[in-house]
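Beneath this line is the structure, given in structure tokens, with notes to follow.
One is the number of the first residue; the rest follow in order along the sequence. Just so it is clear, the structure is predicted and the values come from calculations on it, not from any experiment.
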Amino acid sequence: QWSFTTVAGPKVTVLTPADELQTVNANTTLALEFDKAVTPEADKSLRVYQAGITDPIYTILLSTGTASSANRKYTYTLPQKLPNQANFSVIVDVRSFADANGNLFIGVGSGQWDFRTTQGPNITTYAPLAGATNVAINASITLTFDKNIMAVAGKKIRVYDGPSSLLVDVDVSTTGT
């Protein structure tokens, strides 16, 4: 009689963002953490789908991820931030990672890794107030948001005198706090 035992293939222990999480930041990274060291297989991908759109909005080769020192966690940076207040599903190809024994990961299928992005920041107060009169020409402009924000290069605050006369054109990434 001849018998033997095989070693189980790698399994995901943590998905980031977590499956079914409803409060994901639009600039999230994606990560898979395994129960053992793995190596991505050539030409295998993860695909990010937005609800209501048939084709993936991003396809990322798994070999481009950043591996942890123990090769148990792979992190992927999306090419652009995700749209706010939208549902997403991530699919990881079958047989996409291998452990040291050549055992292959079964993949992440449809409905196994879903999440929702949160609403972006909202302005809660303006200074000067909308419709204010007799505002000093050198008055500061203050916008207060409902959450922490980070300025984006090239984005502007513009102040007009009437419908087309531009008075101030400020790059928010270099001016203000």
Side-chain angles (χ1 to χ4, degrees), residues 5-126 143-155 157 172-173 176-177:
T5 303
T6 60
V7 175
K11 292 180 175 58
V12 167
T13 57
V14 179
L15 294 170
T16 304
D19 183 38
E20 299 301 328
L21 187 61
Q22 300 294 304
T23 56
V24 176
N25 199 325
N27 65 352
T28 188
T29 57
L30 304 176
L32 298 100
E33 190 167 344
F34 294 88
D35 62 343
K36 56 178 86 176
V38 294
T39 303
E41 294 289 292
D43 299 324
K44 297 292 184 172
S45 300
L46 68 76
R47 292 174 306 286
V48 179
Y49 292 87
Q50 183 175 346
I53 300 175
T54 304
D55 294 324
I57 60 169
Y58 301 121
T59 299
I60 300 173
L61 281 174
L62 294 171
S63 59
T64 64
T66 303
S68 66
S69 60
N71 284 351
R72 290 184 57 194
K73 182 178 181 181
Y74 285 81
T75 303
Y76 300 90
T77 301
L78 300 173
Q80 296 178 12
K81 75 177 195 164
L82 297 168
N84 291 323
Q85 288 188 292
N87 294 316
F88 298 92
S89 181
V90 180
I91 295 177
V92 180
D93 286 344
V94 173
R95 305 169 66 89
S96 52
F97 289 90
D99 67 16
N101 295 317
N103 298 307
L104 295 169
F105 173 56
I106 62 170
V108 176
S110 180
Q112 295 180 321
W113 191 5
D114 302 318
F115 58 88
R116 181 173 176 79
T117 53
T118 59
Q119 179 177 328
N122 291 306
I123 298 174
T124 57
T125 59
Y126 300 81
L143 305 174
T144 305
F145 295 85
D146 62 350
K147 54 180 79 173
N148 291 332
I149 61 164
M150 185 165 58
V152 176
K155 299 299 178 181
I157 293 178
V172 298
S173 67
T177 55

How long is the straight-line distance from [atom2] of [Y] back to [atom1] of [X], given to the nearest 0.5 Å?
X    : Y    : atom1 : atom2 : value
T77  : I60  : OG1   : CD1   : 8.0 Å
K73  : L32  : NZ    : CG    : 10.0 Å
L143 : I157 : CG    : CD1   : 5.0 Å
D93  : F105 : CG    : CZ    : 10.5 Å
N87  : F115 : CG    : CZ    : 9.5 Å

Is it the case that atom [atom1] in [X] sees more than 12 heavy atoms from other parts of the structure closer than 6.0 Å?
X    : atom1 : result
D43  : CG    : no
K44  : NZ    : yes
K81  : NZ    : no
I106 : CD1   : no

Can a donor-acceptor pair be found, under 3.5 Å and without considering hydrogens, that links the side chain of [X] to the backbone of [Y]?
X    : Y    : result
D146 : N122 : yes
T13  : E33  : yes
Y76  : L62  : yes
D99  : V38  : no
Q85  : P83  : no
N101 : N103 : no
Y58  : Q80  : yes

Can you name the closest pair of heavy atoms from [X] and [Y] and give their distance?
X    : Y    : answer
P17  : W113 : O-NE1, 2.7 Å
G9   : D35  : O-OD2, 4.5 Å
F145 : P121 : CD2-CB, 4.0 Å
A70  : A37  : O-CB, 3.4 Å
V92  : S96  : CG1-OG, 3.5 Å
T59  : R47  : OG1-CG, 3.6 Å

[X] side chain near [Y] side chain, heavy-atom distance below 4.5 Å:
X    : Y    : value
Q112 : V12  : no
L30  : T16  : no
D114 : S89  : yes
I123 : T144 : no
F34  : N71  : no
V108 : V90  : no

Could you check whether the rings of F97 and Y74 sit parallel, tilted or perpendicular, using 30° and 60° as the cut-offs?
->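 Plane angle between 30° and 60°, so tilted.
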Would you tell me whether N84 and T117 have side-chain atoms, one donor and one acceptor, within less than 3.5 Å of each other?
->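 No, T117 and N84 have no side-chain donor paired with an acceptor closer than 3.5 Å.
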